[in-house]
Amino acid sequence: MNTLSSSIPVSVEIDNLEVLHSGVVHLENKSELKIKISTLSLTFKFLSDDGDVRYTGRTEGNNLFIDLYNHNNVLGEGALTPLGFGTVNNKKVYITYFANTLVLEKQSRRFEYVIYLGAEND
């Protein structure tokens, strides 16, 4: 649980998922972003090809690698349905993301994410 000050607790829940952390990252001339939660690691990589907008993922131990293909829209693209990717303290961890491309030539992007924590043994 987060606090606004030392005495005001704040929590956010969506469909039985507690928002653990959320943030915005600005990227320029970078194609990769890594987020670490406890012993878990997520690596997002922006790639382009002739296909549609999509993402693929693979795991290696406690590491999840998500390749974001053709996320080049100024209006943004992402996954707003929580994606489960691991467990911390017997609770499943989920993420949603949304990326806006500001200047494609410079790979300037605004990357928003929300990390959720499910119920124990979810």
Hey, is [atom1] on [X] packed in by over 12 heavy atoms from elsewhere, all under 6.0 Å?
{"X": "Tyr55", "atom1": "OH", "value": "no"}
{"X": "Asn89", "atom1": "CG", "value": "no"}
{"X": "Asp15", "atom1": "CG", "value": "no"}

Would you call [X] and [Y] a side-chain contact if the rule is heavy atoms closer than 4.5 Å?
{"X": "Gln107", "Y": "Leu27", "answer": "no"}
{"X": "Asn70", "Y": "Asp49", "answer": "yes"}
{"X": "Lys91", "Y": "Val93", "answer": "no"}
{"X": "Phe65", "Y": "Leu42", "answer": "no"}
{"X": "Leu20", "Y": "Tyr94", "answer": "no"}
{"X": "Tyr113", "Y": "Val25", "answer": "yes"}
{"X": "His71", "Y": "Tyr97", "answer": "yes"}

Among the clusters formed by ILVMFWY side chains lying less than 4.5 Å apart, do [X] and [Y] turn up in the same one?
{"X": "Ile14", "Y": "Val114", "result": "yes"}
{"X": "Ile35", "Y": "Val88", "result": "yes"}
{"X": "Phe85", "Y": "Phe98", "result": "no"}

If you round to the nearest 0.5 Å, how far is CD of Glu77 from CG of Leu75?
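Result: 8.5 Å between the selected atoms.
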
From His26 atom NE2 to Glu112 atom CD, the distance as rounded to the nearest 0.5 Å:
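If I round to the nearest 0.5 Å, the distance is 8.5 Å.
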
Please report the closest heavy-atom contact between [X] and [Y], naming both atoms and the distance.
{"X": "Phe111", "Y": "Ala99", "value": "CD1-CB, 4.0 Å"}
{"X": "Glu18", "Y": "Glu13", "value": "CA-CG, 4.1 Å"}
{"X": "Ser41", "Y": "Asn63", "value": "CB-OD1, 3.1 Å"}

Can Leu64 and Ile66 be said to form a side-chain contact (heavy atoms from CB on, under 4.5 Å), step by step?
CA-CA 6 Å; Leu64 174 62; Ile66 301 175; 3.8 Å; yes

Checking Asp67 side chain against Thr56 main chain: does a donor-acceptor pair fall under 3.5 Å?
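Pair absent, no side-chain N/O of Asp67 close to backbone of Thr56.
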
For the rings on Tyr116 and His21, is their centre-to-centre separation under 6.0 Å?
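Centroid distance Tyr116-His21: not below 6.0 Å, so no.
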
Could you go step by step and tell me if Glu32 and Lys34 meet the salt bridge (Lys or Arg N to Asp or Glu O under 4.0 Å) rule?
CA-CA 7 Å; Glu32 196 169 285; Lys34 185 180 277 191; over 6 Å; no

May I ask you to check whether Arg109 and Asn72 show a side-chain donor-acceptor distance below 3.5 Å?
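The criterion, which ignores hydrogens and geometry beyond distance, is satisfied for Asn72 and Arg109.
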
Name the residue from Val19, Leu17, Leu40, Ile95 that meets the side chain to side chain contact (heavy atoms under 4.5 Å, CB included) definition with Ile115.
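So, applying the side chain to side chain contact (heavy atoms under 4.5 Å, CB included) to Ile115 and each of Val19, Leu17, Leu40, Ile95, only Ile95 qualifies.
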
With the threshold set at 4.0 Å, does a side-chain nitrogen-carboxylate oxygen contact exist between Lys30 and Glu28?
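No, Lys30 and Glu28 are not salt-bridged.
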
